[in-house]
2 protein chains.
Amino acid sequence: MIDVARVAGVSRVTVSRAISHPELVSPPTLARVHAAIEQLGYVPNLNAGSLATRRSRIVGAIVPTLSNAWFADTLDGLGEILEAGGYQLLLGQSRYGEAAEEALVDTFIGRQVDGLVLTGVEHGAAVRRKLRAFGRPVVETWDLTDDPIDMVAGFSNEDAGAAVARHLAQRGYRHLGFLGANERRAGKRLAGFRREAARLGLPGIEAEVVAPPSSIEDGVRMMRALVARASSLQAVYCSNDTLGVGALLACRQQGWAVPRRMAVVGFSDLAIASASQPALSSVRVQAREMGRQAGRMLLARLVGGASVLPRVADLGFSVVARESS
Amino acid sequence: MIDVARVAGVSRVTVSRAISHPELVSPPTLARVHAAIEQLGYVPNLNAGSLATRRSRIVGAIVPTLSNAWFADTLDGLGEILEAGGYQLLLGQSRYGEAAEEALVDTFIGRQVDGLVLTGVEHGAAVRRKLRAFGRPVVETWDLTDDPIDMVAGFSNEDAGAAVARHLAQRGYRHLGFLGANERRAGKRLAGFRREAARLGLPGIEAEVVAPPSSIEDGVRMMRALVARASSLQAVYCSNDTLGVGALLACRQQGWAVPRRMAVVGFSDLAIASASQPALSSVRVQAREMGRQAGRMLLARLVGGASVLPRVADLGFSVVARESS
DNA sequence: CTGAAAGCGCTAACAA
DNA sequence: TTGTTAGCGCTTTCAG
C-alpha cells in the first residue's frame, strides 16, 4: 500500500480511502490511485483490514457432511445470497460429532466470522454459551426450536415423522417400521412417527438405526434385519432416501411387491427418489431455500437494512406420494 | 490476551507461546496460562495471528456449483485431508463464469489463503498470471493439462469421451449422438467422443448443448430435439448423469426399448445412475479421491514433510456398463 | 478533501 | 524459560 501511495503521490490513508470509501476522495486523486493500483497489481490484504475493522466479511457454516446432496444444496443457497451481499463462506464439517462442532465454533469465533450458520438445533452447552457471548448473528437450520441460540430457518422434524405415520395409516398400513441414521434429527423424525402411530392406535414401531453417513447397502441390510425381527411388517419409513432405495432393493431381492407387500417412504426427496423403480415416496424439504433464508436473515442483521426478519422461519415440508406407498 | 497474561502473571508473549508453541513453555507456567484462558473464556484472534505470520491456515476452493453432488464430493475429500492438517476451507462458487472465478481468486489472494484448489484447467489469463505470481500452491482438478498453473489432480476428459465412443462402437452402435452442458469439460468429452468415433469410421456426431446446471427436464427435451434432427440415432452419450436420466425418461415416453432401440451412457456415475430403470451406464470418476489428492498435494507443500508428490496426478476413470448400453 | 498519529491482536527476532 | 522490542497492513479518529 505504501508503494501505491508513493506511485500515486498521496499518503497511505488516501489509498485506503480510495478503496474502501471512494466517495470521500476527489475524482482526480481517485483516478491516480486506481492507476497506481493497476500498475503495481496491488491486492489489499483483507486480513489486515479485518483486524482493524473487526469485520471479516466471512460467514462460517457448519454442516455434518458435504457428501449428502441436501446439505450441499443448503450451502449453495446460502452462498448465493451471501455472495450477493459481499460475504464469503468458510466451511466446516462436523461429521455428526459434537466435539468437532465445538472445535469448529472456536476457530470460527477466532477468525472473527461476521455470522454463523449451524445445522440442527441440538448443540453442546458450551457451543450455545460461546455463540451467545459472541454476539454475532447465528442461524440454526434443518430443524426448529423454541429456544434458538439466535435465529432459526428450518422445519419440524417431529411433524415430518408424524405426517408420514398419518400418510401410511391412511393407506391402510398398520404394522410400521423405521430405518434411520443414528443422528439427532433422524431421531426426532422417529419420535414424531412413533407418537403419531400411537395416537392413531397402531401397533408399536420396530426401528433399526445405523451410524451416519448412510449407504444404500445399509438400507438393504437394515431392511432384512427388520423383517427378520418383525415379519408382519407392512410399511417402513426411512430417515433418508439413500436408506429408502436400499429398502426397495431389499424388497426386490426378496421378491416382495412394493407397495402391496411392503410400502416404503424415504426422506428429503433426492433426485434418486423419483428415478428409482418403483418411484420412492418421500418427504420433500426446502434444502436450498433454507440456505437462502438463513442468508437473508444474516444479511438483514449484518448490513442493517430496512427489513426486520422474524427470528424463526418455518419452511415446512411436504409428503410426496409416489409408487412405493 | 493482555488479560490472560495478567491473570496468569506472565507476559503476553508467554501466553502466545503457550498457545502456539507450548513446548517452549515450562509445564507450571503452561498450566497457569491454560487456567487463565479457561477462566476468562479467551479465544485468540486468528486474523491477528495471520497478519503477523503471513499464514492463514485457510485454503480456498473454487467450484462451479455445490449443487452437483460430484463437486461436493471432491470438496468433502479435500476437507477431510485439510482438516487433519489443521486447515480450513474457504469456499467460492464460480457458477461456471470466468469473471466470477477471477473475482474469487482476487479475494482469496487478498485473504492470504495458504493454497488454492480450482476446478478445471481452463482459466482466464489474468487468473493464471496472478496465481503464479502469488507463489503459493495451487491444484487444478477435474481435468488434465501439460501446462498447469502449479499442480493437477484430475483425469482426461477427452480420453473419457473417446472411451465411451469405443464402448458403444464395440457393442455395434454406429449412429451416435451427444447431449451435453455448454461447459469446458463437457466440451472436451465431446471432442474426445468425436475424435474416436471418426477414427473408428462412424458417421458424424449430432450434438445438443444446454447451459449448465443441467436438469432432468433438460435431458428429456434435448433427447427429443436430437432425435427430431437425427432419426437414425442409435446411441447417445450424455455429459452427465442428470441428462442421462432425462434421456432415459424421454425414451420411455416414446416407447423406445433401451438399449435395443436406443442406448444411453451418462457421466460421473452418481447414485442415480445405478438406481434408475433401466440402470444407466456411466463413466465413473474419482470425485472424492480427487479432493483428497489435491489436499495431500497442498499439505505436502504447506507443511513440507518428507514426501515429494508429483505435480500431476491422473486419477483416471472407468466406463461402467449397465443395462442402458 | 487530505494527512498525521494511534492502534487492531498477535508473533518473530533478540536479549536476559 | 521468559520478557523486550518491533512490526504484520490496514483503518480510524482528529487536525489541517
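First the proteins, then the strands, lettered A, B, ... as listed; each starts at 1. All values derive from a computational prediction rather than experimental measurement. Values reported hereafter were calculated over all heavy atoms of this structure, with side chains retained and with hydrogens, waters and symmetry mates removed.
- Side chain A:Arg17 to base C:dG3: a donor-acceptor pair is found below 3.5 Å.
- In this structure, A:Arg32 places its CZ atom 11 Å from C1' of C:dT2, rounding to the nearest Å.
- Set against D:dG9, D:dT2, C:dC8, the side chain of A:Asn45 has D:dG9 as its closest nucleotide.
- As a whole-Å value, the separation of B:Leu46 CG from C:dC8 P is 18 Å.
- Per the geometry, CZ belonging to A:Arg12 stands 10 Å off P belonging to C:dA4, to the nearest Å.
- Within the nucleic acid shown, A:Ser20 comes within 4.0 Å of sugar-phosphate atoms alone, with no base atom in reach, counting heavy atoms only.
- In this structure, B:Ile2 places its CD1 atom 13 Å from P of C:dT11, rounding to the nearest Å.
- Rounded to an integer number of Å, the gap from A:Asp3 CG to D:dG9 P is 10 Å.
- Across D:dC10, D:dT12, C:dA12, the shortest atom-to-atom separation from the side chain of B:His21 is found for C:dA12.
- Taking a cutoff of 4.0 Å between a charged side-chain nitrogen and a carboxylate oxygen, A:Glu122 and A:Lys188 qualify as a salt bridge.
- Distance from the side chain of B:Pro44 is smallest to C:dC10 among C:dC10, C:dG3, C:dT11.
- In this structure, the CG atom of A:Asn47 is 14 Å from the C1' atom of D:dT11, given to the nearest Å.
- Nearest to the side chain of B:Ser26, among D:dT1, D:dG3, C:dC10, sits D:dT1.
- Remark: C1' of C:dT11 and CD1 of B:Ile19 are 11 Å apart, rounded to the nearest angstrom.
- With salt bridges taken as basic N to acidic carboxylate O contacts below 4.0 Å, none links B:Arg95 and B:Glu101.
- The existence of a salt bridge linking B:Asp150 and B:Arg128 is excluded, since no basic side-chain nitrogen approaches an acidic carboxylate oxygen closer than 4.0 Å.
- Checking C:dG3, D:dT2, C:dA13 against the side-chain heavy atoms of B:Val13 singles out C:dA13 as nearest.
- Comparing atom distances between the A:Leu51 side chain and each of C:dG9, C:dT11, D:dC10 picks out C:dG9 as nearest.
- Heavy atoms of other residues, nucleotides or ligands lying less than 6.0 angstrom from CG of B:Asp146 number 12 at most.
- Among C:dG9, C:dT2, D:dC10, the nucleotide with an atom closest to any side-chain atom of A:Thr29 is C:dT2.
- Spacing between atom CZ of A:Arg6 and atom P of D:dG9 amounts to 14 Å, rounded to whole angstrom units.
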